[in-house]
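Contents: one structure, followed by commentary.
Treat the numbers as computed from the prediction; the structure is a model and nothing was measured.
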Amino acid sequence: MPELPEVEVTRRRIAPLLVGRRIRRLETTAPSYFFLTQPARLKRRLKGRTMLRVERIGKYLVAPLDDGGRLVIHLGMTGQLFGAGASSLRLLSATARAALTPEAQQGFRPDAHTHLRFHFDDDGPAVFMRDVRKFGKVLWLAPGEAHPRLERLGVDALRVTGEVLFRATRKRDRAVKNLLLDQTIVSGIGNIYADEALHRAKLRPTRRARRVTRAECEELAAAIRSVLERSIETGGSSIRDYVTPDGSDGGFQEERRVYARKGEPCLTCGTAVRCIVVGQRSTHYCTSCQR
DNA sequence: ACCGCACCCTGAGCGC
DNA sequence: TGCGCTCAGGGTGCGG
């Protein structure tokens, strides 16, 4: 679901609701693989703590705590982080909403998929984390504790350079799109922005990495940075489940050029956008513009 | 090093 | 209406 822009927009909008507020109590759902730190331990570690800031590392949100520990959250495919004031209109599925009375649709009522519920000493709005598919993750790190998932991440996609891509692509036989999705090389790019960046850089997703020239690496890096920055400006892509922390939609889906536009005309040349499978992911590109 | 696959889940959309 | 199927912004771990 969320890639770098969606995680970054979430970070910016949820930070004011989290930072500096002492956590009185954390409620969770039952233990599941969603919890890399078990619920009971998580509750103990967070009770009475205050988040100092909310940072983003790749697609992870990391909040340093006032005791030196860190709370780490990954949104997975369907993760949503939002304040209690958010409208349930977009947070819940259409079927779930249909079961609600009009009054109940106004504010969000935690449901079975609401895995984290932060309550604060100030009695202000609670903060919820909801994840229907539970592909997201939450964990607590002790002061100074490292975590392999974070340690392995490559350069942040907002700061990727042609040089980084050039070095990573040499002698690699894999499709350039697969390389972009590899978080250990560049972190933050997912299926939407890989396709969008490759279209803007006029590169075919299946091109072997080592066949990408130096100049093309520069163009690709620039395309990655600009498409991500533009998406952040517009609030991210709300194509399926993503909503911002206030429950509203992002706007970047209106600016997509290829992703989920199979059969529709390329906005550059009019050729029908083609959809193939690369690395087990649906992949959209223009057979004419992208070589 | 890299590919394909199974797996972790739930829900929407579609054809029949 | 309902069933069965496919698909989905994520990532890990395995065998080959």
Side-chain angles (χ1 to χ4, degrees), chain A residues 1-10 29-36 56-61 72-81 90-99 111-115 129-139 147-154 157 168-185 187-197 206 208-210 224 227-228 231-232 234-244 249-253 255-256 258-262 275-284:
Chain A
M1 165 222 181
E3 304 180 35
L4 187 150
E6 292 75 34
V7 177
E8 176 62 20
V9 171
T10 297
T29 48
S32 68
Y33 65 90
F34 171 82
F35 295 95
L36 294 185
R56 181 188 56 74
I57 304 181
K59 299 178 195 172
Y60 291 83
L61 290 171
V72 180
I73 290 176
H74 192 285
L75 298 174
M77 288 281 267
T78 51
Q80 304 166 316
L81 195 52
R90 285 272 308 147
L91 295 166
L92 298 178
S93 68
T95 3
R97 287 201 307 267
D111 61 358
H113 305 303
T114 310
H115 305 295
M129 200 253 170
R130 188 169 179 267
D131 184 2
V132 170
R133 292 175 74 183
K134 284 196 283 196
F135 287 174
K137 295 282 173 280
V138 62
L139 70 145
H147 194 276
R149 288 170 191 258
L150 298 177
E151 300 295 307
R152 281 201 303 266
L153 296 175
T169 50
R170 292 314 88 183
K171 299 181 180 172
R172 306 275 186 117
D173 212 28
R174 62 200 303 203
V176 61
K177 174 171 175 178
N178 282 341
L179 189 132
L180 293 186
L181 292 176
D182 184 339
Q183 304 296 302
T184 66
I185 295 169
S187 61
I189 302 171
N191 210 29
I192 297 179
Y193 300 103
D195 284 3
E196 292 297 319
T206 50
R208 299 299 103 179
R210 63 178 167 181
I224 290 168
V227 76
L228 296 177
S231 182
I232 291 170
T234 61
S237 298
S238 293
I239 295 172
R240 267 170 282 270
D241 305 290
Y242 172 73
V243 290
T244 65
D249 280 356
F252 191 76
Q253 63 279 7
E255 300 187 23
R256 275 175 301 145
V258 285
Y259 184 81
R261 292 193 65 245
K262 179 183 181 181
C275 181
I276 60 173
V277 173
V278 177
Q280 291 85 241
R281 310 296 299 274
S282 64
T283 297
H284 314 76

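- Contacts of A:T114 classified as side chain to side chain donor-acceptor pair (under 3.5 Å), with partners at least two apart in sequence or in another chain: A:D111.
- Spacing between atom CZ of A:R170 and atom P of B:dC2 amounts to 13 Å, rounded to whole angstrom units.
- A:S282 comes within contact range of the sugar-phosphate backbone alone, with a heavy-atom separation under 4.0 Å but no base atom that close.
- Taking atom P on both nucleotides, B:dC9 is separated from C:dG13 by 16 Å, rounded to a whole Å.
- In this structure, the CG atom of A:L75 is 16 Å from the C1' atom of C:dA8, given to the nearest Å.
- Rounded to whole angstrom, the span from the CG atom of A:D131 across to the P atom of C:dA8 amounts to 18 Å.
- Within the nucleic acid shown, A:R152 comes within 4.0 Å of sugar-phosphate atoms alone, with no base atom in reach, counting heavy atoms only.
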Between N or O atoms, less than 3.5 Å apart, protein on one side and nucleotides 8-11 of chain B on the other: list the pairs.
from, atom 1, to, atom 2, distance (Å)
B:dC9, O5', A:Y33, OH, 3.4
B:dC9, O4', A:Y33, OH, 3.3
B:dC9, O2, A:R133, NE, 2.8
B:dC9, N3, A:R133, NH2, 3.4
B:dG11, OP1, A:H113, NE2, 3.1

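- Atom CG in A:L179 sits about 14 Å away from atom C1' in B:dC3, given to the nearest Å.
- Base engagement by A:S238 is indicated by at least one non-hydrogen atom pair under 4.0 Å involving a base atom.
- Considering only residues two or more places apart in sequence or on other chains, A:V132 meets the side-chain contact (heavy atoms from CB on, under 4.5 Å) condition with A:T78, A:H113, A:R130.
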Per-pair distances, 0.1 Å, donor-acceptor, side chain in residues 175-185 of chain A, under 3.5 Å, sequence neighbours excluded:
from, atom 1, to, atom 2, distance (Å)
A:K177, NZ, A:N191, OD1, 2.6
A:K177, NZ, A:D195, OD1, 2.8
A:K177, NZ, A:S282, O, 3.2
A:K177, NZ, A:T283, OG1, 2.9
A:D182, OD1, A:T184, N, 2.9
A:D182, OD1, A:T184, OG1, 2.6
A:D182, OD2, A:R174, NH1, 3.1
A:Q183, OE1, A:G188, N, 2.8
A:Q183, NE2, A:L181, O, 3.1
A:Q183, NE2, A:I189, O, 2.9

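- Of all heavy-atom pairs between A:E6 and A:S237, the closest is OE2-N, 2.8 Å.
- Comparing A:R149 and A:N191 by the nucleotide of DNA chain C whose heavy atom lies nearest to each, the residue mapping closer to the 5' end is A:N191.
- In this structure, CD of A:Q280 is placed 14 Å from P of B:dC7, rounded to the nearest angstrom.
- Residues meeting the salt bridge (charged side-chain N to carboxylate O under 4.0 Å, His left out) test with A:R56, sequence neighbours left out: A:E8, A:D156.
- Within 4.0 Å (heavy atoms only), A:F34 reaches no atom of the nucleic acid at all.
- Side-chain contact between A:F34 and A:D131 is present, with heavy atoms from C-beta onward closer than 4.5 Å.
- Between the CD atom of A:Q253 and the P atom of C:dA8 there is a distance of 18 Å, given to the nearest Å.
- The side chain of A:R172 places no N or O atom within less than 4.0 Å of a non-bridging phosphate oxygen (OP1 or OP2) of B:dA1.
- C:dG11 atom P lies 17 Å from atom CD of A:E151, rounded to whole Å.
- Annotation for A:Y193 and A:S231: closest pair OH-OG, 2.6 Å, computed over non-hydrogen atoms.
- For A:R170, there are no side chain to side chain donor-acceptor pair (under 3.5 Å) partners, not counting sequence neighbours.
- Secondary-structure stems of DNA chain B, taken as three or more successive Watson-Crick or G-U wobble pairs (i with j, i+1 with j-1) under a 3.5 Å distance threshold, comprise B:2-8 with C:10-16, B:10-16 with C:2-8.
- For the pair A:K59 and C:dG11, the criterion of a side-chain N or O lying under 4.0 Å from OP1 or OP2 is met.
- With sequence neighbours excluded, the residues satisfying side-chain contact (heavy atoms from CB on, under 4.5 Å) with A:P148 are A:R152.
- Not counting sequence neighbours, the partners of A:T29 by the side-chain contact (heavy atoms from CB on, under 4.5 Å) test are A:F35, A:H115.
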